[in-house]
Amino acid sequence: MQASKFKIPLFIIATVLFGLKTYIVYKYMFNLSIENTMQELILFLNPFVSAYLVFAISVWLKPRRQMKYLRWTMVIGTLVLYLNLVFYRNFTDFITIPVLFQGNNAADLGGSLLSLMHVPDIFLFLDIAIVWFLSKRTTRFAVDFPKAGKIAATAVTFLLLTANVVLAEMERPMLFVRAFDREYLVKNIGIFNYHAYDATMTTKTKAQRVLADGSEVKEIETYMRENTSNDEKTDLFGIAKDKNVIFVSVESMQNFVLDEEVNGKEITPFMNDLKESKDTIFFPNFYHQTAQGKTSDSEFLVENSMYPLPRGAVYFTHASNEYNSLPEILNEEDYYTSVYHANNKSFWNRDSMYGNIGYDKFFDEQSFEENEENSFGWGLEDKAFFEQSIKYLKEQDQPFYSKFITLTHHFPFELPEDKANIDKYDSNSRTLNNYMPTARYTDESLEDFFQQLKDAGLYEDSIIVLMGDHYGISDFHNKAMSQFQGKEIDGYQHVQNQRVPFMIHIPGYDKGKQYDKITGQIDVKPTLLHLMGIDEGNDLSFGTNMFAEDRKDFIAMRDGSFVTDEYVYKSEVCYDRETGEPIEETAEESPCAPFQEKVEKELGYSDSLIYGDLLRFYNFDDGKHQTKEEVEELEKSADQ
Ligand code: GP9
Ligand code: MN
């Protein structure tokens, strides 16, 4: 074959050059954490998949247009990549469409743009020059496939894309539904597909918001005033007034380990004692109500007393909605508000959400020092996390509200052997086996934290709230769980296992006790406000103060199951809450049916508020409702 006859199509050359360049940027210019070979492989593959996806479209075009298309897609692709790189150098994050339109972010970047562009970056434009040069030799580099060839080239696109998505799903199950984190998306599907995904999400969210007119808010407000009003004042009203509030979200901690042992050793000795302390109020029937947004859902529940969404993480999908969140209310009351969490700040989109709901400061991963000794599994170990936090905590203006989110007791519950002080459990589930030593580890870190607070002189002036964020052991481990608990895990037991620790520790209180009533994460916000002596005013919540006599009579889970004083309902079965036995079907209506209706109504209301961003039609200062026109006027003047 003569050399001149041998053609490497330009779209293939472009794919290789652009794919390689993207890989180099991922690998050496972004700071993406790669934990295993599978992630490495996906990171290597996806740049080529994305590049092929875009460039292979050219086979459908006439030769001259084909060349033009390749030239310009190279330019646009490079610009997108480069803009992300510049943005990343400043924010350690990727561009999202909402961020582009958040004036202050772009302005922040504007000032430092030049310092974020480095001379060697010029090499990132080299492949454009090559493709541009080659594209002028149309006859040599253009392809003119017959129809079958065009279809085959396109079929390869779908094959590659499917392979990429399958690998990514294997590596991160439910990657798209859970919409974890931008870094995960970029690592797994590449920056271009990530932008396509981001654009789809934004459009969908925008449409629902545009169509909403706020007429439903009145109905929801009436429902809340009738069913979840928090006017009642109890003896505990204001007990924590002017004190600091230290809220600890304890990763994956469930009640089933409390007061239990492995090989004769208590799993959580500190929490076991703490809940019995005369200074602690303990709610043993407190349920988590999270869905796919896991920790972030539990944060959303606590901050807003609204339900998370049935799909996706509201922290991700509706981070710029109007809310009347706990930190905002507390800021008005002159509290300093902060969050401590030693993970990447964009995980669960926390950086955006925290900014929107008014936290004064987020001490993320960058505020902590990690080294080989103190970091494993998900990152910084809890003991080092608390220890390193104290210096910041001491500096904060008082009173403060500070949320701590622990990390070590997270799936897959890894712990170096020399840090484990109890044995693993022995069952067919590695997850449940590993769960015990990390639960113990986190329990010890909490004990240390209490001591550190005392040493820092912060303990006496604070109340400390501990809450488990969500389950750590899923139904997948039912066999092992039933061995551990000595009972069958049916629908009833599944719901009961969704109970997570909730304790309020008030130094010097002396009247600590256990409240057996049913409570949930939805109730935390009104309860904390009650303790801090802050009136409900015009606030809107789905939860009720846990200390009130007159409370809403059910706790709803996101999948429609629920608990009442007498019943537990799960997957269409109504159980007697006391005996755990299913209630026999009779000709009469199931006693769960009226609750079922209420639960659906409430969850539906919460979803409408979020999807339509309806709280923008309600003025929390005076409790007045605003029309769409009024809100649009206000938004316009705010933009100017
Ligand atoms: C991540 C941590 C764990 O920052 O909060 O998240 P999870 O997987 O539990 O939602
Ligand atoms: Mn969690």
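Each residue takes its place number in the sequence, starting with 1. Reckoned from all heavy atoms, side chains included, excluding hydrogens, waters and symmetry mates. Order of appearance sets the numbers: ligands from 1, and atoms from 1 within every ligand.
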Just wondering, more than 12 heavy atoms not from E369 lying within 6.0 Å of its CD?
no
Backbone or side-chain N or O of W378 under 3.5 Å from ligand 1 N or O
no
Contact region, L407 to ligand 1, non-hydrogen atoms below 4.0 Å, reads side chain
Counting only nitrogen or oxygen atoms and a 3.5 angstrom limit, does K294 reach ligand 1?
no
Going by the atom numbers of ligand 1, which of them fall below 4.0 Å from some non-hydrogen atom of N343?
1 (C), 4 (O)
Taking only heavy atoms of F347, which atoms of ligand 1 are found under 4.0 Å from at least one of them?
1 (C), 4 (O)
Please determine which of D443, T438, T442 meets the side chain to side chain donor-acceptor pair (under 3.5 Å) test together with H409.
T438
Geometric cation-pi criterion K403 and Y401, 6.0 Å radius, 45° cone:
no
When only distance counts, is S296 in polar contact with ligand 1, meaning an N/O pair under 3.5 Å?
no
Around atom CG of N421, are there more than 12 heavy atoms of other residues, nucleotides or ligands at under 6.0 Å?
yes
Taking the six-membered ring of Y471, is NZ or CZ of K294 closer than 6.0 Å to its centre and within 45° of its axis?
yes
Atoms in ligand 1 with a heavy atom of E251 nearer than 4.0 Å
3 (C), 9 (O)
With a cut-off of 2.8 Å, which protein N/O/S atoms are close to the Mn ion (ligand 2), if we only count those under it?
E251 OE1, E251 OE2, T295 OG1, D469 OD2, H470 NE2
Of F347, F300, W348, F362, the residue whose pairing with Y354 passes ring-ring contact (aromatic ring centres under 6.0 Å, His included):
F362
Using a 4.0 Å cut-off to any heavy atom of H341, which atoms of ligand 1 qualify?
1 (C), 2 (C), 4 (O), 5 (O)
Against heavy atoms of H470, which atoms of ligand 1 measure under 4.0 Å?
9 (O)
If we only count N/O pairs under 3.5 Å, is T295 in contact with ligand 1?
yes
Output yes when a side-chain donor or acceptor of Q493 lies under 3.5 Å from a complementary backbone atom of K487, and no otherwise.
no
Just to verify, what does Y569 make a ring-ring contact (aromatic ring centres under 6.0 Å, His included) with, not counting sequence neighbours?
F562
Main chain of N344, side chain of D364: is a donor-acceptor contact present, judged purely on distance under 3.5 Å?
no
Please report, to 0.1 Å, the donor-acceptor pairs under 3.5 Å made by any side chain of residues 186-193, with sequence neighbours excluded.
residue, atom, partner, partner atom, Å
K187, NZ, S33, O, 2.7
N188, ND2, Y184, O, 2.8
N193, ND2, I189, O, 3.0

Can you sort out the partners of K424 under salt bridge (charged side-chain N to carboxylate O under 4.0 Å, His left out), two or more places apart, ordered by chain and number?
none
Would you please determine whether W348 falls within less than 4.0 Å of ligand 1 on a heavy-atom basis?
yes
